[in-house]
Amino acid sequence: KNEVEQSPQNLTAQEGEFITINCSYSVGISALHWLQQHPGGGIVSLFMLSSGKKKHGRLIATINIQEKHSSLHITASHPRDSAVYICAVRPYSGGGADGLTFGKGTHLIIQP
Amino acid sequence: ETGVTQTPRHLVMGMTNKKSLKCEQHLGHNAMYWYKQSAKKPLELMFVYNFKEQTENNSVPSRFSPECPNSSHLFLHLHTLQPEDSALYLCASKISGYSSGELFFGEGSRLTVL
């Protein structure tokens, strides 16, 4: 059974700090998604990765396929980055009908 | 704004009520999904529709009844729910058959069952 583990579960930091959120999974995957969920509830896709590294603004996502691990980094964090960050993986087999297995999310609070 | 609209955003209902959640997308997607999100739990897939046909019912109790009249609209009919059904219900859509395609989520409907 594929498990997706995120750490930390909760993170509170000061504005400007460098943030790292980690995601580990247990089976071979074709892609990994990082999603952002704001307090209102809606979910937005940040990145889809199958190898290497992607950058968008202050957000950087990396993946190490051999180690089955991905990280999401936020540079120069800002209170508007406060959200739940969800890791989801697309296993080669055994995923849900939507092909995705989700982590429980990391609740990030950035204080001014 | 992701192009997927859910209504209502908040719903409070008693256990004997009948209500419906609505999801609408005009992104040209032909696969639509209902997810349940409970506190401290990962997103749970409930139903999948591809080209208006239900292709997955993930062991969801019959008190939840989906309906997909066309590729742009998806409903979740609710009847005699239990307090433990209180959760955020999220709708999503994507292009069917494109396994690596991105899922687009709505803002969710926050349901409270009294």
Side-chain angles (χ1 to χ4, degrees), chain A residues 1-10 21 23-51 54 56 61 63 65 83-107, chain B residues 1-11 21 23 25 27 29 31-50 53-60 66 87-111:
Chain A
K1 182 186 172 187
N2 183 37
E3 299 285 344
V4 178
E5 299 290 337
Q6 288 187 233
S7 63
Q9 291 184 27
N10 297 283
I21 299 170
C23 176
S24 297
Y25 51 91
S26 56
V27 300
I29 65 169
S30 59
L32 180 144
H33 298 253
W34 280 105
L35 309 169
Q36 181 190 56
Q37 184 173 31
H38 276 284
I43 294 177
V44 177
S45 177
L46 298 175
F47 296 103
M48 186 170 71
L49 293 162
S50 55
S51 64
K54 286 191 176 179
H56 182 68
I63 188 168
I65 295 292
V84 177
Y85 292 85
I86 300 170
C87 174
V89 302
R90 189 177 300 279
Y92 283 121
S93 65
D98 58 353
L100 294 174
T101 303
F102 293 86
K104 292 182 181 179
T106 294
H107 189 190
Chain B
E1 184 64 49
T2 63
V4 180
T5 304
Q6 289 188 241
T7 55
R9 294 292 312 280
H10 299 272
L11 178 62
L21 306 181
C23 176
Q25 59 88 11
L27 300 169
H29 295 166
M32 297 186 77
Y33 306 79
W34 280 117
Y35 289 90
K36 177 183 178 182
Q37 187 179 36
S38 304
K40 311 290 186 188
K41 287 187 172 183
L43 280 159
E44 300 172 55
L45 179 65
M46 300 176 72
F47 299 105
V48 181
Y49 277 82
N50 282 284
E53 297 297 320
Q54 187 180 129
T55 55
E56 184 78 11
N57 174 340
N58 218 21
S59 303
V60 180
L88 181 69
Y89 289 85
L90 288 153
C91 174
S93 69
K94 69 187 279 283
I95 297 172
S96 181
Y98 182 35
S99 62
S100 59
E102 182 181 347
L103 269 177
F104 288 76
F105 286 88
E107 296 284 318
S109 295
R110 173 75 60 187
L111 173 66

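From a predicted model like this one, the values you see are computed outputs, not experimental measurements. Protein chains get the first letters and strands the later ones, always in sequence-line order, with residue 1 at the start of each.
Between the OH atom of B:Y33 and the CG atom of A:L100 there is a distance of 8.0 Å, given to the nearest 0.5 Å.
Interface residue B:Q37: only side-chain heavy atoms are found under 4.5 Å from chain A. In this structure, chain A has heavy atoms under 4.5 Å from both the backbone and the side chain of B:L43. Only the side chain of A:Q37 comes within less than 4.5 Å of a heavy atom in chain B; its backbone stays farther off. With a 4.5 Å cut-off on non-hydrogen atoms, A:S30 does not touch chain B at all. With a 4.5 Å cut-off on non-hydrogen atoms, B:R9 touches chain A through its side chain but not through its backbone.
Enclosure of atom CD in A:Q9 is not indicated, since only 12 or fewer non-hydrogen atoms of other residues, nucleotides or ligands lie within 6.0 angstrom.
Nearest heavy atoms, A:L35 versus B:F105: CD1-CE1, 4.4 Å.
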